[in-house]
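All residue numbers in this chain count up from 1 along the given sequence.
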Amino acid sequence: VVATRAPPAQLGRPSLDGNIVVFHVATRRTSQIVAADLAAGTSSTVRTSRRAQLTNPSVHADQLLFVRQTSTAQRLELGRLKAGATNRVIYRLRAPASRDPGHEPGHSPVTRTRRVPRAAGTLWTTALSAEHAFVTFVPRRGGVARASIVSISR
């Protein structure tokens, strides 16, 4: 067993490179990306956020690729596989859902929350190679639009 979490926490899809496996952990208060060294039997949190969902990590050598989703944007981020490392945004979309207007009907329509148009879909699973980053784009609506895999030069 590499990792366990008690409900209602959830573990995300693992990604493996050599002896290193990365996965996301979602709890009620935080979103984390954990890296486990299978040879050493150790693990550490390499990214954490209380304001964004950090999901679908991939690892290649010492690089980490993942999706950061907030109420206003989705970003594909790339950085070093170590805690506190700086990430670089390599692909960006608007948020996949509209925000609530922030008030009850009949009350003030003024809100501090900026409303942004929603994206046509969601960034989902990722993969990483020495030269490219890959992310699955899942469209919001059915019909003609189909999921696609986007390749981005690193």
Checklist entry - Hey, are T48 and T30 close enough side-chain-wise for a donor-acceptor pair under 3.5 Å? => result no
Item to check | Shortest non-hydrogen separation from S129 to F134 and the atoms involved | outcome: OG-CE1, 4.1 Å
Checklist entry - Closest approach of R154 and R88, non-hydrogen atoms and distance? => result O-NH2, 3.0 Å
Item to check | CG on L76 to CZ on R68, rounded to 0.5 Å | outcome: 11.5 Å
Checklist entry - Between OG of S44 and CD of Q32, what distance do you get to the nearest 0.5 Å? => result 10.5 Å
Checklist entry - Where is the tightest heavy-atom contact between L65 and A133, given as atom of each residue plus distance? => result CD2-CB, 3.7 Å
Item to check | R140 side-chain N/O to A119 backbone N/O, donor-acceptor pair under 3.5 Å | outcome: yes
Checklist outcome for this item: Residue pairs meeting salt bridge (Lys or Arg N to Asp or Glu O under 4.0 Å), one or both in residues 47-61, sequence neighbours left out, come to none
Checklist entry - Are the side chain of D17 and the backbone of I20 linked by a donor-acceptor contact shorter than 3.5 Å? => result no
Next on the checklist: With heavy-atom distances below 4.5 Å as the criterion, would you say the side chains of H132 and H60 are in contact?
Outcome noted: no
Next on the checklist: Just so I know, are the side chains of Q74 and T122 near enough to count as touching, which here means a heavy-atom distance under 4.5 Å?
Outcome noted: yes
Item to check | Option among V67, V89, L123 that satisfies the side chain to side chain contact (heavy atoms under 4.5 Å, CB included) test with R75 | outcome: V89
Next on the checklist: For S49 and Q69: C-alpha separation, side-chain torsions, deciding distance, then whether side-chain contact (heavy atoms from CB on, under 4.5 Å) applies.
Outcome noted: CA-CA 10 Å; S49 178; Q69 185 176 17; over 6 Å; no
Item to check | T126, N87, I90 screened by side chain to side chain contact (heavy atoms under 4.5 Å, CB included) with E77, the one that passes | outcome: N87
Item to check | Check: L128 and V59 side chains under 4.5 Å, non-hydrogen atoms | outcome: no
Next on the checklist: Less than 4.5 Å apart, side chain to side chain, heavy atoms only: is that true for V22 and L81?
Outcome noted: yes
Next on the checklist: Within the 4.5 Å heavy-atom criterion, are R5 and V34 side-chain neighbours or not?
Outcome noted: yes
Next on the checklist: Quick one: does any side-chain atom of N56 pair with a main-chain N or O of F66 as donor and acceptor, under 3.5 Å?
Outcome noted: no
Checklist entry - What is the minimum heavy-atom distance between F23 and A3, and which atoms define it? => result CZ-CB, 3.4 Å
Next on the checklist: Do L78 and L64 make a side-chain contact, defined as non-hydrogen atoms from C-beta onward lying under 4.5 Å apart?
Outcome noted: no
Next on the checklist: Around atom CG of L11, are there more than 12 heavy atoms from other residues, nucleotides or ligands closer than 6.0 Å?
Outcome noted: yes
Next on the checklist: Could you tell me if the side chain of R28 sits less than 4.5 Å from the side chain of P8, heavy atoms only?
Outcome noted: yes
Checklist entry - Of all residues at least two apart in sequence or in a different chain, which pass the side chain to side chain contact (heavy atoms under 4.5 Å, CB included) check with L16? => result V21, L38
Item to check | Minimal non-hydrogen separation, S15 against P57, with atom names | outcome: CB-O, 3.4 Å
Next on the checklist: I want to check something: taking the side chain as every heavy atom from C-beta on, are H24 and L54 in contact at a cut-off of under 4.5 Å?
Outcome noted: no
Checklist outcome for this item: Closest heavy-atom pair, P96 versus G121, reported as atoms and distance to 0.1 Å, is CB-O, 3.8 Å
